[in-house]
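Written below as structure tokens is the structure these notes are about.
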Amino acid sequence: MESIVSKVVGMVGALAIAYLIYRYNKNHKRTKFLYALAGLFLISGLCAPFMQTVDPNQEAKESSISEKSSLSEKRKIEESMSKSMSSLKSEKSASESKNKKIAKEVSKAAKSSESSSKKIPREYISALIKGQEYADRMYMSKKAIYDQLTSDYGEKFSPEAATYAINNIKANWNKNALQKAKDYQEEQNMSPDAIYDQLTSDSGEQFTPEEANYAVQHLDK
């Protein structure tokens, strides 16, 4: 309502000024400038009803909506960053927990073996701990772990210590073979036949044919 009244007042005022300028100029100076000025006020008065005025309430409302939208986007970004940080912390915590669990289990097995027979050399216990790490973290096969434990370029344990380690490692060799197969499939895009050959090769992973078959049969099709 206030907007309509202001438009009418503006129109009447502009027309009145135009009329007064016109009458004054006609009766006195008759200059083109004053006629032009009267014309401008006339046009302004005629256009006043059609000019859009800004409603202060509407402007305030739109400003409020814009601010709320900005705050909402900011909150979403902060929540997303918070979730990402929480996820990273959770993954790191899970990894550390897993490593601690592995070390604890190996240590427990070593102590159990040591207490059951005082004649077990410390070298055997060390070889078992190393072997368990290769099985759990690198998903190696029995033969590959044995070769790594006894290699002059590896751990340099005695054959007897390596044999003791292999016989006491707690691992699912089929699952180790499957994990290695998945790595070849996803990272090197190898075919099932090529993966099988790599898993069983003496210069490759050195899994048994049975373990390699299990791995290939459980790959993603």
Exercise. Would you please test Q206 and T200 for side-chain contact (heavy atoms from CB on, under 4.5 Å) and show each step?
Key: CA-CA 5 Å; Q206 304 181 76; T200 56; over 6 Å; no
Practice problem: Calculate, to the nearest 0.5 Å, the distance between atoms NZ and CG belonging to K156 and L149 respectively. | Solution: 14.0 Å
Practice problem: Please answer: with hydrophobic residues joined when any side-chain heavy atoms are less than 4.5 Å apart, are I129 and M138 in the same cluster? | Solution: yes
Self-check item: ring pair (Phe, Tyr, Trp, His ring centres under 6.0 Å) partners for Y214, two or more places apart
Solution: H218
Exercise. Apply the test side-chain contact (heavy atoms from CB on, under 4.5 Å) to residues T208 and W173: give CA-CA distance (whole Å), side-chain angles for both, the deciding distance (0.1 Å), then the verdict.
Key: CA-CA 9 Å; T208 66; W173 304 109; over 6 Å; no
Self-check item: Heavy-atom pair of closest approach, residues I125 and I120
Solution: CD1-CG2, 3.7 Å
Quiz item: Mind checking what makes salt bridge (charged side-chain N to carboxylate O under 4.0 Å, His left out) contact with E211, not counting sequence neighbours?
Solution: none
Quiz item: Would I145 and F207 show up in the same hydrophobic cluster when neighbours are defined by side-chain heavy atoms closer than 4.5 Å?
Solution: no
Quiz item: Do Y153 and Q148 pass the side-chain contact (heavy atoms from CB on, under 4.5 Å) test, and can you show the C-alpha distance, the side-chain angles, and the key distance before you say yes or no?
Solution: CA-CA 8 Å; Y153 301 99; Q148 181 65 19; over 6 Å; no
Practice problem: Please list, chain by chain and in numerical order, all residues satisfying side chain to side chain donor-acceptor pair (under 3.5 Å) with S151, sequence neighbours excluded. | Solution: none
Quiz item: At what distance, to the nearest 0.5 angstrom, does NZ of K175 lie from NZ of K182?
Solution: 10.0 Å
Exercise. Starting at OH of Y139, measure out to CG of N172 and round the result to the nearest 0.5 Å.
Key: 12.0 Å
Quiz item: Judged by atom type as modelled, is there a donor-acceptor pair below 3.5 Å linking the side chain of Q132 to the main-chain atoms of K170?
Solution: yes
Quiz item: Which pair of non-hydrogen atoms, one from N176 and one from A135, has the smallest distance, and what is that distance?
Solution: ND2-O, 3.2 Å
Taking only distance into account, with no hydrogens and no angle test, what donor-acceptor pairs under 3.5 Å do side-chain atoms of residues 185-197 form with protein atoms, sequence neighbours excluded?
residue: Q185; atom: NE2; partner: D220; partner atom: O; Å: 3.1
residue: S191; atom: OG; partner: A194; partner atom: N; Å: 3.2

Quiz item: Atom CD in E133, atom CG in L128: separation rounded to 0.5 Å?
Solution: 10.0 Å
Quiz prompt | Straight-line distance of S158 OG to Y164 OH, nearest 0.5 Å | solution = 12.5 Å
Quiz item: Going only through I, L, V, M, F, W and Y residues with side-chain contacts under 4.5 Å, is there a path from L178 to M140?
Solution: no
Practice problem: Only counting residues at least two apart or in another chain, list the ones meeting side chain to side chain contact (heavy atoms under 4.5 Å, CB included) with A127. | Solution: F157, A161, A165
Quiz item: Can you name the residues that form a side chain to side chain donor-acceptor pair (under 3.5 Å) with Y146, not counting sequence neighbours?
Solution: none
Quiz prompt | Between E205 and Y184: side-chain donor-acceptor atoms closer than 3.5 Å | solution = yes
